[in-house]
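Since we're looking at a predicted model, the values are computed, not measured. Throughout, numbering of the chain's residues begins at 1 and tracks the sequence.
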Amino acid sequence: MVLEATMICIDNSEWMRNGDYSPSRLRAQSDAVSLICGAKTQSNPENTVGILTMAGKGVRVLTTPTTDLGKILACLHELEMGGEMNLAAGIQVAQLALKHRQNKNQRQRIIVFAGSPIKHDKKVMEMIGKKLKKNSVALDIVNFGEEDDGKQEKLEALLAAVNNNESSHIVHIPPGPNALSDVLISTPIFNADGEGGSGFAAAAAAVAAGGVSDFEFGVDPNIDPELALALRVSMEEERARQEAAAKKAADQAAKQGKGEEASSNSQDATMTENVNTATESTEKTSEPMDEENALLEQAFAMSMNIPVSDASVVDTDMSDAINEDKELALALQMSMQEDTKDSSNPSDINKVLADQSFVSSILTSLPGVDPNDPSVKDLIASLQGQPESSQQKKDEDQPPNADK
């Protein structure tokens, strides 16, 4: 494989707007340049390609010789049409760019696309050709588009001046249904190294001839096994990455679902525990309330002077509460004793009043009280529950038949 540095000169003049080459001269030229750049970089990993434009405000270098095919293709999207092509200036700038290449072991080659009239005369073209030959620079010319009286002759003179051992070539492509890149595939420009061209160019030729490639990724592994392997590995890595991303998303969704279910279960359990706690607290609270109600009923019965026999209807649980609370038991006992005393007071008073001598001694000791006074006697009799004796006494004091 030949180690080579190549500069491609593009014609971006106003003549490139014509549509005699599908879809336009500039677009057809851009596709052909892309194909050539791919062929050069694929034929040898150390090959470099640079691009410049020859029209517009002047010659403009879009990129110096580089191995980065992506950078080269990006430059082709920045093409702007305008002005007239300056072929002599373009070739001289390309030669200067090749002179400053980094790897001096690379051979030098310039590829020129001429699609518009050439304003320079034949002698200038011959001088440029001789200079290129002196500096060991090979030249490939793609002649297409406008065909005036002296264009082809000037290009032939340029090729004759630069050609050395058939290292330079010229291709004339008339307008037609075929794309510019399709015609160039079968020309010496693609196999100028004498080795039949690169795998990239062969694969491109197969696609152009058949329309669609039957090989995986559009590359024949027999022609370029390294490219086919690289494409296959890249595809497998991308597939593995997509599967890992899908699996990760599924795991996250499953974890989120489990988290929501656990949260719901924990909430249900918390609510159940709260209900059970509330029920237990209500039951525990109801027991003291029942005991207090029973005690209140018993105290109310005692305050109403209910006999002990009637008070036996109180709930049997009261005995347990009394046994537990000694102070309460003592208070109930004292209350019952007071009730017993109160119930026994009337009989004690009757006994005291029945003792006439004791009552008379008490009345005699009182100043200003006459025990024999009838009113005093009536009071004592009423206290003793003997109002009948007082009435009988009055009847005895009155004379019989007093009314009569």
Side-chain angles (χ1 to χ4, degrees), residues 6-22 24-33 36 49-62 76 79-99 108-135 137-164 166-176 179-181 183-184 187-189 192:
T6 305
M7 283 295 297
I8 301 177
C9 302
I10 297 176
D11 184 0
N12 61 328
S13 64
E14 291 291 343
W15 298 88
M16 297 300 104
R17 298 185 186 275
N18 294 348
D20 51 353
Y21 294 85
S22 180
S24 66
R25 290 185 181 181
L26 183 64
R27 177 54 58 188
Q29 184 180 192
S30 178
D31 293 341
V33 170
I36 293 173
V49 180
I51 296 176
L52 61 82
T53 56
M54 299 182 292
K57 296 181 180 180
V59 177
R60 178 188 174 191
V61 178
L62 299 181
L76 297 177
L79 297 177
E80 297 180 356
M81 290 182 290
E84 295 181 356
M85 178 184 67
N86 190 345
L87 182 59
I91 293 175
Q92 291 175 1
V93 172
Q95 180 185 355
L96 183 62
L98 292 174
K99 184 179 180 179
Q108 305 175 74
R109 182 176 294 275
I110 298 176
I111 300 176
V112 176
F113 284 83
S116 57
I118 299 175
K119 61 180 181 179
H120 307 289
D121 56 16
K122 185 178 178 180
K123 291 182 179 181
V124 174
M125 295 294 99
E126 291 177 351
M127 291 177 58
I128 295 174
K130 291 178 180 180
K131 187 175 182 180
L132 293 176
K133 185 177 180 180
K134 181 179 179 180
N135 294 308
V137 178
L139 178 64
D140 291 333
I141 303 173
V142 179
N143 181 23
F144 69 103
E146 298 299 323
E147 290 291 342
D148 56 9
D149 295 337
K151 180 182 177 183
Q152 184 172 355
E153 185 180 356
K154 294 177 182 178
L155 294 177
E156 291 289 350
L158 175 61
L159 179 64
V162 71
N163 194 6
N164 185 16
E166 301 297 328
S167 61
S168 300
H169 311 85
I170 186 170
V171 178
H172 303 281
I173 303 176
L180 196 62
S181 57
V183 177
L184 288 176
T187 62
I189 295 178

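Side-chain N/O atoms of N86 and H120 include a donor and acceptor closer than 3.5 Å. Using modelled atom types and a 3.5 Å distance limit, the side chains of D31 and S181 yield no donor-acceptor pair.
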Kindly indicate, with the supporting measurements, whether the criterion side chain to side chain contact (heavy atoms under 4.5 Å, CB included) is fulfilled by M125 and L87. CA-CA 9 Å; M125 295 294 99; L87 182 59; 3.9 Å; yes
K99 vs N135, test: side chain to side chain contact (heavy atoms under 4.5 Å, CB included). Steps then yes/no. CA-CA 9 Å; K99 184 179 180 179; N135 294 308; over 6 Å; no
Please step through side chain to side chain contact (heavy atoms under 4.5 Å, CB included) for the pair V124 and D121, ending with a clear verdict. CA-CA 6 Å; V124 174; D121 56 16; 2.9 Å; yes
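For the residue pair S167 and R109, the shortest heavy atom distance occurs at O-NH1, 3.1 Å. Residues A28 and S22 approach most closely at CB-O, 3.7 Å, considering heavy atoms. Here the closest heavy-atom approach between residue V59 and residue A89 is recorded as CG2-CB, 3.7 Å. In plain terms, the two heavy atoms of P175 and Y21 that are nearest each other are N-OH, 3.2 Å. Across all their heavy atoms, W15 and P117 have their closest contact at CE2-CD, 3.5 Å. Minimum interatomic distance between I110 and C9 (heavy atoms only, all atoms of both residues): CG2-SG, 3.9 Å.
The CE atom of M54 lies 7.0 Å from the OG atom of S116; values are rounded to the nearest 0.5 Å. Rounded to the nearest 0.5 Å, atoms OG1 (T6) and CD1 (I36) are 9.5 Å apart. Here CE of M85 is found 9.5 Å from NZ of K119. Values are rounded to the nearest 0.5 Å. Once rounded to the nearest 0.5 Å, the distance linking CD1 of I8 with CG of L52 reads 9.5 Å. Rounding to the nearest 0.5 angstrom, the gap separating the CD1 atom in I170 from the CD atom in Q152 is 7.0 Å. Atom CG of L132 and atom CG of N164 lie 12.0 Å apart (nearest 0.5 Å).
Taking the side chain as every heavy atom from C-beta outward, E156 and H172 approach each other to under 4.5 Å. The closest side-chain heavy-atom distance from L184 to F144 is not below 4.5 Å. Side-chain contact between L62 and T53 is present, with heavy atoms from C-beta onward closer than 4.5 Å. Contact annotation: the side chain of V33 never approaches that of I111 to less than 4.5 Å [non-hydrogen atoms, C-beta and beyond].
The backbone N or O of L79 sits nowhere less than 3.5 Å from a side-chain atom of N12 that would complete a donor-acceptor pair. Judged by distance alone, with hydrogens and angles left aside, the side-chain atoms of Q29 form no donor-acceptor pair with the main-chain N or O of I10 at under 3.5 Å. Under a 3.5 Å cut-off, the side chain of K154 and the backbone N or O of I118 do form a donor-acceptor pair.
Within a 6.0 Å sphere centred on CD of E84, heavy atoms belonging to other residues, nucleotides or ligands number 12 at most. Residue E14 places its CD atom among more than 12 non-hydrogen atoms of other residues, nucleotides or ligands, all under 6.0 Å distant.
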